[in-house]
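Notes follow the structure.
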Amino acid sequence: MGVKEIEKNVENLSRYYCELLCKSKNSEEKEKLFKTFYESIILIQQIKIDEICRDIKDKKILSALR
């Protein structure tokens, strides 16, 4: 997943949660929605960081084998 794809996914996720937040009248529900949204963004970032670290590790291993 490239940076542009991640940006698009985050943008779509943001729109989705904003729509839900606007429709909700209950403050507890809004808080839960926001927390879920925030956790989703953190998860997406962590997945990308893990992917980058794996790529770096793989490149180092390949370089060492040469």
Side-chain angles (χ1 to χ4, degrees):
M1 184 181 299
V3 173
K4 292 292 181 189
E5 282 182 86
I6 292 172
E7 288 174 349
K8 185 171 181 154
N9 289 340
V10 168
E11 186 178 327
N12 290 336
L13 192 62
S14 299
R15 283 191 188 121
Y16 174 73
Y17 277 103
C18 283
E19 286 176 18
L20 291 176
L21 285 169
C22 289
K23 290 177 184 176
S24 175
K25 305 284 188 223
N26 184 325
S27 61
E28 285 181 26
E29 186 178 314
K30 285 184 178 191
E31 187 176 327
K32 286 179 186 176
L33 283 168
F34 183 77
K35 183 179 177 188
T36 304
F37 168 70
Y38 181 77
E39 289 171 350
S40 299
I41 298 300
I42 297 299
L43 180 61
I44 290 168
Q45 290 176 332
Q46 188 60 49
I47 290 169
K48 187 59 184 174
I49 289 169
D50 290 346
E51 184 180 304
I52 290 167
C53 289
R54 272 193 309 276
D55 288 347
I56 290 170
K57 184 179 175 183
D58 291 345
K59 287 177 184 175
K60 284 183 180 180
I61 290 171
L62 288 175
S63 293
L65 293 173
R66 291 182 186 165

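Position 1 is the first residue of the sequence, and the numbers go up from there. Values reported hereafter were calculated over all heavy atoms of this structure, with side chains retained and with hydrogens, waters and symmetry mates removed.
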Enter the distance from [X]:[atom1] to [Y]:[atom2] here, rounded to the nearest 0.5 Å.
{"X": "Lys30", "Y": "Leu20", "atom1": "NZ", "atom2": "CG", "value": "11.5 Å"}
{"X": "Gln45", "Y": "Leu43", "atom1": "CD", "atom2": "CG", "value": "10.0 Å"}
{"X": "Ile44", "Y": "Ile41", "atom1": "CD1", "atom2": "CD1", "value": "5.0 Å"}

### Message
Does any part of the side chain of Ile42, heavy atoms only, come nearer than 4.5 Å to the side chain of Glu39, both counted from C-beta?
### Response
no

### Query
Any side-chain heavy atom of Ser14 within less than 4.5 Å of one from Phe37?
yes

### Task
Considering only NZ, NE, NH1 and NH2 on the basic side and carboxylate oxygens on the acidic side, decide whether Lys32 and Glu28 come within less than 4.0 Å.
no

### Message
Please determine whether residues Tyr17 and Val10 belong to a single hydrophobic cluster, defined as Ile, Leu, Val, Met, Phe, Trp and Tyr linked transitively by side-chain heavy-atom distances below 4.5 Å.
### Response
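Yes, Tyr17 connects to Val10 through the hydrophobic network.
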
### Message
Membership question, hydrophobic clusters at under 4.5 Å side-chain separation (ILVMFWY): are Tyr16 and Phe34 in the same one?
### Response
yes

### Message
Let's go through Glu5 and Asn9 carefully: what are the C-alpha distance in whole Å and the side-chain angles of both, what is the deciding distance for side chain to side chain donor-acceptor pair (under 3.5 Å) to 0.1 Å, and is it a yes or a no?
### Response
CA-CA 6 Å; Glu5 282 182 86; Asn9 289 340; 5.7 Å; no

### Query
Would Arg54 and Glu51 satisfy salt bridge (charged side-chain N to carboxylate O under 4.0 Å, His left out), going step by step from the backbone distance to the final call?
CA-CA 5 Å; Arg54 272 193 309 276; Glu51 184 180 304; 5.1 Å; no

### Task
Could you go through the salt bridge (charged side-chain N to carboxylate O under 4.0 Å, His left out) check for Glu11 and Arg15 one step at a time?
CA-CA 6 Å; Glu11 186 178 327; Arg15 283 191 188 121; 2.5 Å; yes

